[in-house]
Amino acid sequence: MRDYRYYKEVCTGLPMPFAFVDLDMLQQNILNVLHRANGKNVRIASKSIRSVDMLRRILQANAQFQGIMCFTVPEALYLAQQGFTDLLLGYPAMDASLLASVAMHQREGCNITLMVDCETHVEQAEAAAAKYGVRLPLCVDIDMSIDVPGLHFGVWRSPIRSTDAALNLIKRIAQSKHVVLEGLMGYEAQVAGLGDRVPGQVLKNAIVRLLKHRSIRDAAARRAELVAAIDRMGLPPLRFVNAGGTGSLHTSSVEPVVTEVTAGSGFYSPGLFDNYRDFTLVPAAGYAIEIVRQPRGDLYTCLGGGYTASGIAGSDRLPRPYLPQGATLLAMEGAGEVQTPIRYNGQETLELGDPIFMRHSKAGELCERFTHLYYISNGSIVGETTTYRGDGLCFL
């Protein structure tokens, strides 16, 4: 692990705020992801990365990294223009003009697989494909949440919650001349994205672990049942069966029917991923804010810093002071739009103009706040690259 003086010395002279990726820490996380993928291909979730050069770096790090899961059609089209292939939309698209763009690019040799979970999605894709005389590839999204008395454990995504429901949609796709089934996706978000070693939540952690264990068993059975049913239908073999996320790579990847798993947050390792029992990642990305005031001996007020993550509004969505170790936010102010007070009583001597290094709670939003990422390796700045924002783009 790095200490405060390491990053402070490396980043001396950089105008704050700035964001960075520690390439040495990134490599450790890459190896962790590959190890927990158990030999399966790993599709990169672009929503957690949001930088063309970073996507290339990860894909080129190992042949096991194959394909990208995109979050909007415009993003997928942009990545196709940058030379990326095997692009899977993680979410359905309804805009007819965007679907027409996918079909037009398909005719020109682009490969973008659309996500569907209902007949309306299929019909929209069919209409675009028929207009341009192509056959669009589809992936059916299967809901992987579970219901227990008084609780829906998971996220509200696909309405397909049974094998029969999935087969009905697959039969509809099989009847079409304009679309073709290429894959299945079942994302067990309640396993992949929910920590089970949260400090101060002993009872909740135990309950979450029990529910995760049930979810893992249930998801494996449902995926195996559906793939077997598709095989019995005599349809062409699926190109892929996608599952998992950073928090469930090691469980999803051991399922025989799963051909690929998805990872995104695991490369940057934001704050929420400190709270998992089964694996440990290292902080590879962060940002620095500048101390501009010292209202009291142990209080240092920084400019900016309030880069809050999505999800249920709460303290766990706030960015966290990372270095110097022991720095904390104030409960009554948190991380602010234009100023962020930090309490610190540690060993380092902090002065006006010094940095406080922060970590975002989730990976995706970090690059929405910065136009560039500085690359750090072996005690030096070794380069920089643009984020989507730095490319002048905002996809969602």
Side-chain angles (χ1 to χ4, degrees), residues 17-21 29 45-50 71 90-91 145 151-157 187-205 207-208 211-212 245-248 263-277 279-289 301-323 325-343 356-370 373 387-389 394-396:
F18 64 83
F20 65 92
V21 173
N29 289 337
S46 62
K47 75 178 183 66
S48 299
I49 307 300
R50 304 197 191 208
F71 54 94
Y91 308 88
S145 60
L151 175 67
H152 177 79
F153 190 57
V155 297
W156 293 104
R157 292 172 61 95
Y187 174 47
E188 60 280 12
Q190 69 274 24
V191 181
L194 186 61
D196 55 7
R197 194 186 62 183
V198 182
Q201 298 184 12
V202 176
L203 179 59
K204 182 179 178 180
N205 288 337
I207 295 171
V208 167
L211 291 173
K212 278 189 173 186
T246 290
S248 60
S265 297
F267 300 106
Y268 289 166
S269 185
L272 283 178
F273 281 83
D274 294 345
N275 301 326
Y276 285 74
R277 181 181 63 169
F279 63 92
T280 301
L281 300 168
V282 293
Y287 64 94
I289 52 179
T301 303
C302 300
L303 190 63
Y307 310 145
T308 305
S310 61
I312 301 173
S315 60
D316 65 338
R317 304 292 144 162
L318 295 176
R320 307 177 185 183
Y322 171 41
L323 295 171
Q325 190 173 11
T328 59
L329 298 175
L330 303 186
M332 296 301 294
E333 290 198 49
E337 179 184 8
V338 290
Q339 73 166 37
T340 298
I342 301 290
R343 177 176 284 113
I356 297 291
F357 295 99
M358 308 282 288
R359 292 173 64 204
H360 207 277
S361 179
K362 296 176 68 177
E365 292 92 337
L366 173 65
C367 288
E368 289 299 323
R369 301 306 299 248
F370 294 92
L373 297 169
T387 63
Y388 285 173
R389 285 286 188 174
C394 176
F395 295 118
L396 198 61

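The closest side-chain heavy-atom distance from E365 to Y307 is not below 4.5 Å. With a 4.5 Å cut-off on side-chain heavy atoms, I342 and T328 do not count as touching.
To the nearest 0.5 Å, atoms CG (D274) and OG (S269) are separated by 6.0 Å. Rounding to the nearest 0.5 angstrom, the gap separating the CG atom in L211 from the CG atom in L151 is 6.5 Å. Here the straight-line distance linking atom CG of L373 with atom OH of Y287 works out to 13.5 Å at 0.5 Å rounding. Here the OG1-CD1 distance, from T301 to I356, works out to 10.5 Å after rounding to the nearest 0.5 Å. With rounding to the nearest 0.5 angstrom, the OH atom of Y268 is 14.0 Å from the CZ atom of R359.
Distance alone, capped at 3.5 Å, is enough to place a donor-acceptor pair between the R389 side chain and the E368 backbone. A donor-acceptor contact shorter than 3.5 Å is absent between the side chain of S361 and the backbone of L272. Side-chain N or O atoms of R317 include one that pairs as donor or acceptor with a backbone N or O of S310 at under 3.5 Å. N29 contributes a side-chain N or O that, together with a main-chain N or O of V282, makes up a donor-acceptor pair within less than 3.5 Å.
Closest of all the heavy-atom pairs between L194 and Y276 is N-OH, 2.9 Å. Across all their heavy atoms, S145 and H152 have their closest contact at OG-CE1, 3.0 Å. For the residue pair S265 and P270, the shortest heavy atom distance occurs at O-CD, 3.4 Å. Across all their heavy atoms, L329 and P319 have their closest contact at CD1-O, 3.3 Å. Residue N275 comes nearest to R320 through the heavy atom pair ND2-NH2, 3.8 Å, listed as atom of the first residue, atom of the second, then distance. Of all heavy-atom pairs spanning L318 and G334, the tightest one is CD1-CA, 4.4 Å.
The aromatic rings of F273 and F279 lie tilted to each other, with the angle between the two planes from 30° to 60°. In this pair, Y388 and F395 present their aromatic rings perpendicular. The plane angle is above 60°, beyond the 30 to 60° band.
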Handout entry: Worked check of side chain to side chain contact (heavy atoms under 4.5 Å, CB included) between Q201 and V208
Key = CA-CA 10 Å; Q201 298 184 12; V208 167; over 6 Å; no
Practice task
Evaluate the criterion side chain to side chain contact (heavy atoms under 4.5 Å, CB included) for residue pair V198 and D316; output intermediate values, then yes/no.
Solution key: CA-CA 10 Å; V198 182; D316 65 338; over 6 Å; no
Practice task
Go through the steps for Q190 and K212 under the test side chain to side chain contact (heavy atoms under 4.5 Å, CB included), then give the verdict.
Solution key: CA-CA 7 Å; Q190 69 274 24; K212 278 189 173 186; 5.9 Å; no
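Figure legend: cation-pi geometry between R50 and F71, with NZ or CZ positioned under 6.0 Å from the six-membered ring centre and within 45° of its axis.
Partner of C367 under the side-chain contact (heavy atoms from CB on, under 4.5 Å) criterion, chosen from I49, T387, V21: T387.
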